[in-house]
Protein chains: 2
Amino acid sequence: MPQLPAFDVMTATCPSRTSLARIANKWTAMVVIALSAGQMRFRDLRSAVDGISAKVLTETLRDLERDGIVTRHVYAEVPPRVEYELTALGHTLHAPLQALGRWAEDHITEVLAAREAYDARQ
Amino acid sequence: MPQLPAFDVMTATCPSRTSLARIANKWTAMVVIALSAGQMRFRDLRSAVDGISAKVLTETLRDLERDGIVTRHVYAEVPPRVEYELTALGHTLHAPLQALGRWAEDHITEVLAAREAYDARQ
DNA sequence: CAGAATCCCACTCGATACTG
DNA sequence: CAGTATCGAGTGGGATTCTG
């Protein structure tokens with residue numbers, strides 16, 4: 001058995017795992033990637049992250065705000081305007097998540113081929 | 001509204017999103033990180049990825065195998081021995097996922113502080 | 001040992017309708 | 001516009017038991 005690197009996140013009781021569970025999430029990844037371009041309002045985020053429902057976007061943003069990754073700016077206007085922005089902490093998360101998104105795109109052909117081969121064997 | 005990078009994965013119909021959904025997952029991340037050290041058998045993976053159930057580990061490994069990220073080697077022995085290994089494709093996924101795990105560990109203090117502050121406001 | 005099978009709960013997520 | 005409320009289908013994931 002190979003030597004494993006000491007990695008706290010692999011321990012069930014370590015709080016960093018709750019954080020990993022949040023950031024290792026497709027919606028989180030897409031929202032953070034979208035926000036990396038700069039401040040955006042709710043409706044623009046919704047169209048940037050194609051297919052996300054208002055409910056899930058709201059919940060995702062709340063969780064990211066709670067974890068200090070996103071800030072919420074409410075402007076007292078009519079109609080209401082709410083803008084979301086990455087915090088400094090949020091910006092440090094962009095590179096890792098962007099890398100994940102890039103991997104998905106760069107290797108989709110191989111993944112699809114592997115799936116087809118696997119399913120053909122069954 | 002900021003200029004968004006053209007990113008296929010942000011499109012709901014793009015197949016790369018199904019791939020992102022698989023890799024942006026806490027169990028996937030921990031399994032791939034564990035396997036990056038080399039070939040491992042089922043039971044060792046189970047203890048490396050603390051807290052994962054046999055069922056979820058089996059399903060995660062099946063999905064990763066289907067996507068061409070992991071290979072499964074069955075040895076005709078008694079008792080049975082099954083080893084899992086990252087493919088070449090799987091190895092390209094290690095760096096991004098390791099970066100995510102490191103982020104979770106490196107920033108857990110800030111995240112916990114943000115949570116506490118957020119919850120105190122409610 | 002490495003799983004398969006089963007049961008079941010909790011949570012995710014989408015759709016729809018409504019509100020400030 | 002930016003949500004909230006509610007409902008319901010689907011999925012994730014744990015516990016337990018059984019098998020080759």
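Letters A, B, ... are given to chains in the order of the sequence lines, protein chains preceding strands, and every chain is numbered from 1. Basis for what follows: all heavy atoms, side chains included, without hydrogens, waters or symmetry-related copies. Bear in mind the structure is a predicted one, so any value in this text is a computation, not a measurement.
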Rounded to the nearest 0.5 angstrom, the CZ-CZ distance for B/Arg17 and B/Phe7 is 11.5 Å
Between C1' of C/dC1 and CE of B/Met40, the distance in whole Å: 15 Å
Between B/Pro80 and A/Phe42, just flag the one whose closest nucleotide in DNA chain D comes earlier from the 5' side. A/Phe42
Earlier contact from the 5' end, DNA chain C, for A/Arg22 and A/Ala54: A/Arg22
Pairwise side-chain contact, B/Val111 with A/Leu89, heavy-atom cut-off 4.5 Å (strictly under): yes
Euclidean distance, atom CG of residue A/Asn25 to atom P of D/dG13 [Å, nearest integer]: 11 Å
What is the distance from CD of B/Glu83 to C1' of C/dC1, rounded to the nearest Å? 12 Å
Of the candidates D/dC1, C/dA2, C/dG14, the side chain of A/Arg41 sits closest to D/dC1
Phosphate OP1/OP2 of D/dG3: any A/Arg43 side-chain N/O under 4.0 Å: no
Can you tell me if B/Trp27 touches the phosphate of D/dG13, counting only side-chain N or O atoms and a distance under 4.0 Å to OP1 or OP2? yes
Under 4.0 Å between any heavy atoms, over every strand shown, what does B/Tyr84 touch: base, sugar-phosphate, or nothing? Just pick one. sugar-phosphate
To the nearest 0.5 Å, what is the distance between CD (A/Glu110) and OG1 (B/Thr92)? 7.0 Å
Are B/Thr18 and A/Arg115 close enough that a side-chain donor and a side-chain acceptor fall under 3.5 Å? yes
What nucleotide among D/dG13, C/dG14, C/dA2 has an atom nearest to a side-chain atom of B/Lys55? D/dG13
Report which part of the nucleic acid A/Arg46 touches: base, sugar-phosphate, or nothing (heavy-atom distance under 4.0 Å, all strands). nothing
B/Asp44 atom CG is separated from C/dC1 atom P, nearest whole Å, by 10 Å
How many Å lie between CD on B/Glu59 and P on C/dG3, as a whole number? 12 Å
Mind calculating the distance between NZ (B/Lys26) and P (D/dT11) to the nearest angstrom? 19 Å
Phosphate oxygens OP1/OP2 of C/dA2: is one of them under 4.0 Å from a side-chain N or O of B/Arg81? no
Please state how far atom CG in A/Leu61 lies from atom P in D/dA2, giving the value in whole angstrom units. 11 Å
I want to check something: taking the side chain as every heavy atom from C-beta on, are B/Arg62 and B/Arg66 in contact at a cut-off of under 4.5 Å? no
Mind calculating the distance between NE2 (B/His73) and P (C/dA2) to the nearest angstrom? 14 Å
Phosphate OP1/OP2 of D/dG3: any A/Arg72 side-chain N/O under 4.0 Å: yes
